[in-house]
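Working notes, beginning with the structure itself.
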Protein chains: 2
Amino acid sequence: MDLLHALSDEEGTFSAREKALARLVLEDIDFAVNASINDLAERAGVSPPTVTRFCRRLGCQGFPDFKVQLAKMPYVGLRYFAPETPTETPEEVAEDIVAKAQNALFQMHRQLDLAAMSKAAHLLRGADFIHAFGASGNSAMMAHELHNRLFRLGCPVSASSDHGMNAMLAAAAGPGTVVFGSSFSGRDPMLVRCLDLARGRGVPTIVVTQSGSPVAKAADVVIAVDLPEGRNIFRPTSTRYAYLAVIDILANLVAYADREKATRILRSIKEELVRRRDGDDRQALGD
Amino acid sequence: MDLLHALSDEEGTFSAREKALARLVLEDIDFAVNASINDLAERAGVSPPTVTRFCRRLGCQGFPDFKVQLAKMPYVGLRYFAPETPTETPEEVAEDIVAKAQNALFQMHRQLDLAAMSKAAHLLRGADFIHAFGASGNSAMMAHELHNRLFRLGCPVSASSDHGMNAMLAAAAGPGTVVFGSSFSGRDPMLVRCLDLARGRGVPTIVVTQSGSPVAKAADVVIAVDLPEGRNIFRPTSTRYAYLAVIDILANLVAYADREKATRILRSIKEELVRRRDGDDRQALGD
DNA sequence: CTTCATATGTAAATTATTTTCATAAAATGG
DNA sequence: CCATTTTATGAAAATAATTTACATATGAAG
């Protein structure tokens, strides 16, 4: 899974020929995936054994294994290296949005700090009250989504995307409260202020944001998500998919922290839903 | 990309040996992807040439190409064939949620009706007013997300997840209005009622829902998303990722339908955001 | 300037894959 | 029901791909 990383040669240990090979592969993965060792060697201007050695150095068993490893990724990972192609037709738009969303999920997963997630889950499970803060559409969605996930598990949680309100809530927070914040950019001064207020009152704070950002610096538990932004202004950010998955994973961990309680609440929600619909209980928990 | 489909032998044209091969491949993709043609032939109890012929029949160029095609999929597609494994550790939870989300995106993309999407996009772009309806958390999120996407493009849109309100809005809708509805289950009687009301007033209706469901039947333009639900009740439905992508694609198509207008509005939103933050304009449009 | 380590290529050996051809099994038509 | 054709399959040969073994060159270290 770390071919991606290996190919970028962060340690700078590649020889000249190997660099040429790495460049060629990253530039045209489709070619690399379909080529024979001779084709690849020829186009990179090296000999076939050099290619085999290159593959081994990358941690593969040989050239065929390298191709398979490479093929496993392109759909989800390596497209980031491809130049951003303009989309015009509906086919291209759909293809591009789906690929970018999958990439965002892939990248988030690679960098996810599970220790921070576990810590956050335990804080949330143990909280007497949870405030979820987020603003400006995208982060507001995350705050509401956390609410939507956690109330089902029996957590006392409220979500708010009202800056003034959030500041008051943070200023009034007492012991047992936990504050959760989301900020895609990490530069939401009002959220920073809320976090500072909470911290000043000894209330633990959890954020999902860009590492090293003002928001990250103001929080106790930081779940860092650092993704490159696309350049198509018409396109909503694919980072949302990654954030959504972070919320899902967090909610799942909270559920696992006290399964018995989660099961009880989920069952009663389900019963209510079935009663209000047509008695078909195969449905998911909530429309 | 359609190896998946080809391997399932829906036309039933496989011979006995080919069926054995298909079964072996689907049962243990990891093995198939890493094996040599001899290993695979031996384990399936056939001769190597039979394997080559099998690959060709599947539309591949040969056995190596088959392996590459196969390797391209597992991460996003073929995991559906794997039995649902219980997750326990945070690693497993994260891995599973990310894989399921990617699968949902993959499957949605495979079945997406782009003609319906285009039709929906043109209806939305031409509307004088858009009502986005959705209830119960998940679909409410989709309605609000559509609002969040479309207002940025200069569309007059409002989102509501209040059943009573929705019915009144639908009943009051005049010419030029378009109603958009989301329902994961397709069995939201109140949404069906709103759609009927709108239809009765000659207002076009667009829905994202399960095909063949009551909601689908009540709408003019149906964007069908049919995905299997997971069996882990602690886990939020991965269908949300697919729906979110549908909204994104739709919003992108709406933007492309009148780029000049979309660009103008997006620019002013961006200026406002930058003014309220620290002047860094690299940020995405909205937190 | 020599020595050693490393990088790389050539050619041979090995291995993998495909083609060719023969045979057997199943389907088709009388 | 038999003859004929088609189709499926494997064995062996041919080809192609990959790797190994070895030789040479390059450059760094002493």
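Every chain is numbered from 1 and lettered A, B, ... according to where its sequence line falls, protein lines coming before strand lines.
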| What residue pairs, at least two apart or across chains, pass ring-ring contact (aromatic ring centres under 6.0 Å, His included) with a residue in residues 36-59 of chain A? | A:F14-A:F54
| Residue pairs involving residues 27-51 of chain A (criterion ring-ring contact (aromatic ring centres under 6.0 Å, His included); sequence neighbours excluded) | none
| Residue list, side chain to side chain contact (heavy atoms under 4.5 Å, CB included) with A:R56, at least two apart or on another chain | A:T52
With sequence neighbours excluded, residues passing side-chain hydrogen bond (donor to acceptor under 3.5 Å, both in side chains) with [X]:
X	result
B:S213	none
B:D39	B:S36
B:D226	B:S211

| note | DNA chain D: first to last nucleotide in contact with chain B (atom under 4.0 angstrom from a heavy atom), 5' to 3', is D:dA8 to D:dA12
| remark: Per-nt protein contacts along nucleotides 18-28 of chain C (heavy atom under 4.0 Å; B base, S backbone sugar-phosphate only, - none) come out as BB---------
| query | Under 4.0 Å: is that the gap between some side-chain N or O of A:T50 and OP1 or OP2 of C:dA7? | reply | no
Value in whole Å for how far the [atom2] atom of [N] lies from [atom1] of [X]:
X	N	atom1	atom2	result
B:F54	C:dT17	CZ	P	15 Å
A:N38	C:dA16	CG	P	17 Å
A:D65	C:dA16	CG	C1'	15 Å

| Can you list every salt bridge (Lys or Arg N to Asp or Glu O under 4.0 Å) pair that touches residues 43-54 of chain A, not counting sequence neighbours? | A:D28-A:R43
| query | Between the side chains of A:D248 and A:Y243, is a donor N or O closer than 3.5 angstrom to an acceptor N or O? | reply | no
| request: Check every strand shown and say whether B:V46 touches a base, only sugar-phosphate, or nothing at a heavy-atom separation below 4.0 Å. | output: sugar-phosphate
